[in-house]
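Nothing here was measured: the structure is a model prediction, and the numbers come from that model. Numbering of residues begins at 1 and proceeds along the displayed sequence.
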Amino acid sequence: MISQEVEVLVVGAGQAGVAMSEHLSERGISHLVLERDRIAERWRTMRWDSLVANGPAWHDRFPGLEFTDVEPGSFPSKEQVADYFVAYAEKIGAPIRCGVEVTSVRRKVGAPGFHVQTSDGNFDARYVVAATGPFQRPVIPAVVPDTADLVQVHSSSYRNPAQLPEGAVLVVGAGSSGVQIAAEIQRSGRQVFLSVGPHDRPPRSYRGRDFCWWLGVLGMWDASTPAAGAEHVTIAVSGADGGHTVDFRALAGSGIKLVGRTEAFRDGTMRFAEDLRTNIANGDAHYLGLLDEADAYVERNGLDLPEEPEARTLGPDPDSVTHPILELDLAGSGVASIVWATGFAVDYSWLQVDAFDEKGRPRHQRGVSTEPGVYFLGLPWQSRRGSSFIWGVWHDARYVADQIAIQRSYLAHNDQHALVASGAI
């Protein structure tokens with residue numbers, strides 16, 4: 001079978017792939033983006049119906065285009081985000097081919113570059129950018145067996161409360177997804193138990209500025225690695241209902257029953273860790289610490305931002321914290337379903353090169369793989385804390401494009417030298 005030749009093959013046309021295309025085009029680098037579904041498909045089909053972005057429209061966008069159908073301080077819906085990337089791809093003339101799945105990438109033997117097999121023929125590529133992002137394989141911990149008399153869904157398959165059977169619901173995971181899903185199900189009239197693990201809980205806004213602004217001016221977006229012990233800590237922040245600070249006390253006040261980290265299941269009973277009070281306290285400490293840094297910044301720079309002393313009022317611990325539930329008879333409590341808001345794992349089974357550690361995680365430095373010619377884009381903490389945000393991946397893509405351009409210049413020099421040596425020029 002004849003292979004099509006392409007200099008840079010980008011796999012995935014979500015926010016990472018679109019950003020990569022823009023920066024490659026700006027450098028005059030020939031490339032092709034392959035997407036197995038539609039542009040930004042995961043925003044449309046792997047999110048629940050009511051999802052909105054967790055960053056305001058003025059912040060969570062690429063520099064070259066504003067949202068035209070969302071006010072700057074509002075939070076775009078998942079469909080608006082997907083439409084934004086479609087519009088952006090059209091604006092930059094991105095060479096995207098949809099409906100093509102990449103099934104394998106292997107290094108050529110005795111020749112530079114990679115041989116790529118797809119559902120629409122083969123390609124030979126000098127460079128490959130894996131822009132499929134981190135949300136590839138939903139993770140459900142092996143806690144409750146499939147044979148249990150419970151409906152279990154991952155947050156990526158959850159759409160709305162109506163899809164769940166009648167009865168109470170256990171939501172496992174108290175990051176942005178778990179909190180929003182738990183609140184939505186509670187409002188539908190169900191009893192909800194929310195399993196809360198370690199988390200960071202920033203204010204949605206403080207002294208008239210969104211937390212995205214505060215993290216920017218305080219330099220926190222540029223942190224290169226998570227704090228020690230916080231590698232798996234989730235961020236509890238919400239853009240739902242116009243945006244609000246996640247408050248676990250308020251969630252408990254609405255009727256949601258808080259429990260600690262989910263540990264084990266046996267004979268119909270779920271067991272939870274004795275860490276709920278600690279998790280809430282650590283989240284509060286992070287929250288108050290950010291307020292302290294914000295206040296210091298205001299004073300240091302003489303800014304005229306309104307004081308907000310009420311933001312420091314936390315209120316008493318709810319009963320679920322002072323008298324924690326450590327065991328829950330699910331059937332006896334009416335729990336008929338579990339929503340696992342427990343994140344994702346990467347799946348690079350199609351990328352058959354020496355670029356991964358023993359756990360299947362990419363080995364890279366700011367997206368530059370240990371396998372020469374292979375690059376990654378869209379990973380959390382790829383270069384900084386902001387890498388997982390829309391604007392962050394745009395800046396990471398610029399760096400990756402620069403690295404590809406540097407490698408091209410070395411090859412061009414080598415070719416030039418060979419021509420001179422041969423007397424061709």
Side-chain angles (χ1 to χ4, degrees), residues 8 10-29 31-35 37-44 46-47 51-98 129-135 176 210-217 220-222 235 237 239 243 366-367 375-405:
V8 181
V10 181
V11 182
Q15 58 202 44
V18 173
M20 192 74 245
S21 180
E22 177 177 11
H23 290 295
L24 291 172
S25 292
E26 286 181 346
R27 288 154 183 75
I29 301 175
H31 65 283
L32 176 65
V33 183
L34 297 183
E35 166 57 49
D37 294 304
R38 296 174 293 176
I39 295 172
E41 179 71 12
R42 290 177 184 270
W43 276 97
R44 299 188 193 276
M46 291 193 71
R47 308 289 197 276
L51 174 77
V52 298
N54 280 326
W58 68 264
H59 184 264
D60 277 13
R61 64 177 181 87
F62 290 168
L65 183 67
E66 296 182 357
F67 281 89
T68 59
D69 53 350
V70 185
E71 290 296 319
S74 298
F75 303 88
S77 69
K78 63 172 189 172
E79 291 292 338
Q80 289 172 317
V81 173
D83 289 344
Y84 173 87
F85 288 119
V86 172
Y88 203 95
E90 293 175 352
K91 176 180 181 293
I92 65 174
I96 298 175
R97 191 178 300 179
C98 292
V129 180
T132 50
F135 306 120
S176 297
D210 189 84
F211 100 98
C212 289
W213 187 86
W214 283 115
L215 265 58
V217 299
M220 294 182 179
W221 285 128
D222 291 327
I235 306 298
V237 65
R366 294 188 64 182
Y375 301 84
F376 293 98
L377 187 60
L379 299 175
W381 292 95
Q382 175 156 321
S383 67
R384 69 195 81 184
R385 180 178 185 172
S387 290
S388 57
F389 277 65
I390 290 170
W391 64 271
V393 78
W394 188 91
H395 290 283
D396 285 344
R398 180 171 58 185
Y399 177 82
V400 171
D402 282 342
Q403 301 312 302
I404 293 174

Notebook entry, point to check: Taking it one step at a time, do Asp37 and Arg42 satisfy salt bridge (Lys or Arg N to Asp or Glu O under 4.0 Å)?
Noted result: CA-CA 9 Å; Asp37 294 304; Arg42 290 177 184 270; over 6 Å; no
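- The shortest side-chain heavy-atom distance between Cys98 and Ile39 falls under the 4.5 Å cut-off.
- Side-chain contact between Phe62 and Val393: present, with at least one pair of heavy atoms (C-beta onward) separated by less than 4.5 Å.
- Using a 4.5 Å heavy-atom threshold, the side chains of Phe75 and Pro56 count as touching.
- Using a 4.5 Å heavy-atom cutoff, the side chains of Trp394 and Pro63 are in contact.
- Between the side chain of Trp221 and the backbone N or O of Ser387, no donor-acceptor pair lies under 3.5 Å.
- For Asp60 (side chain) and Ile390 (main-chain N/O), no donor-acceptor pair under 3.5 Å exists by modelled atom type.
- Between Val18 and Ile92 the shortest heavy-atom distance is O-CD1, 3.7 Å.
- Using a distance-only test at 3.5 Å, with no hydrogens or angles considered, no donor-acceptor pair links the side chain of Ser21 to the main chain of Ala94.
- Side-chain contact between Trp213 and His59 is absent, with no heavy-atom pair separated by less than 4.5 Å.
- Using modelled atom types and a 3.5 Å distance limit, the side chains of Tyr88 and Glu22 yield a donor-acceptor pair.
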Next item on the list: Carefully, step by step, assess Leu32 and Val10 under the rule side-chain contact (heavy atoms from CB on, under 4.5 Å).
Entry: CA-CA 6 Å; Leu32 176 65; Val10 181; over 6 Å; no
Margin query: Run the side-chain contact (heavy atoms from CB on, under 4.5 Å) test on Arg97 and Glu35 for me, step by step, so that the C-alpha distance in whole Å, both residues' side-chain angles and the decisive distance to 0.1 Å come before the verdict.
Written below: CA-CA 6 Å; Arg97 191 178 300 179; Glu35 166 57 49; over 6 Å; no
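- One finds the CD atom of Gln403 at 4.0 Å from the OH atom of Tyr399 (value rounded to the nearest 0.5 Å).
- Interatomic distance, CD1 of Ile235 versus CZ of Arg385, reported as 5.0 Å (0.5 Å rounding).
- Once rounded to the nearest 0.5 Å, the distance linking CG of Asp83 with CG of Asp69 reads 7.5 Å.
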Check: Do Arg27 and Ile404 pass the side-chain contact (heavy atoms from CB on, under 4.5 Å) test, and can you show the C-alpha distance, the side-chain angles, and the key distance before you say yes or no?
Finding: CA-CA 10 Å; Arg27 288 154 183 75; Ile404 293 174; over 6 Å; no
Note to self: Applying side chain to side chain donor-acceptor pair (under 3.5 Å) to Glu71 and Trp58, what does each step give before you reach the verdict?
What the structure shows: CA-CA 8 Å; Glu71 290 296 319; Trp58 68 264; over 6 Å; no
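- The backbone N or O of Met46 lies less than 3.5 Å from no partner atom in the side chain of Glu41, so there is not a single donor-acceptor pair.
- With Ser74 contributing its side chain and Val70 its backbone, the two residues share no donor-acceptor pair below 3.5 Å.
- The two atoms that bring Trp43 and Gln15 nearest to each other are NE1-OE1, 3.3 Å, heavy atoms only.
- Between Pro72 and Phe67 there is no side-chain heavy-atom pair separated by less than 4.5 Å.
- Residues Pro76 and Gly55 come closest through the heavy atom pair CD-O, 4.1 Å.
- Of all heavy-atom pairs spanning Ala13 and Ile96, the tightest one is CB-CG2, 3.9 Å.
- For the pair Phe135 and Arg47, the minimum side-chain heavy-atom distance is below 4.5 Å.
- Here the CH2-SG distance, from Trp391 to Cys212, works out to 9.0 Å after rounding to the nearest 0.5 Å.
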Margin query: Please evaluate residues Glu79 and Arg44 with respect to the criterion salt bridge (Lys or Arg N to Asp or Glu O under 4.0 Å), reporting the C-alpha separation (whole Å), side-chain torsions for both, the decisive distance (0.1 Å), and the verdict.
Written below: CA-CA 6 Å; Glu79 291 292 338; Arg44 299 188 193 276; 2.5 Å; yes
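- Between Asp396 and Leu379, the closest side-chain pair of non-hydrogen atoms is not below 4.5 Å.
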Next item on the list: Go through Gln382 and Ser388 one step at a time and tell me if the side-chain contact (heavy atoms from CB on, under 4.5 Å) criterion holds.
Entry: CA-CA 8 Å; Gln382 175 156 321; Ser388 57; over 6 Å; no
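- Annotation for Arg366 and Ser383: closest pair NE-CB, 3.7 Å, computed over non-hydrogen atoms.
- Between Gly17 and Val33, the shortest heavy-atom contact is O-CG2, 4.3 Å.
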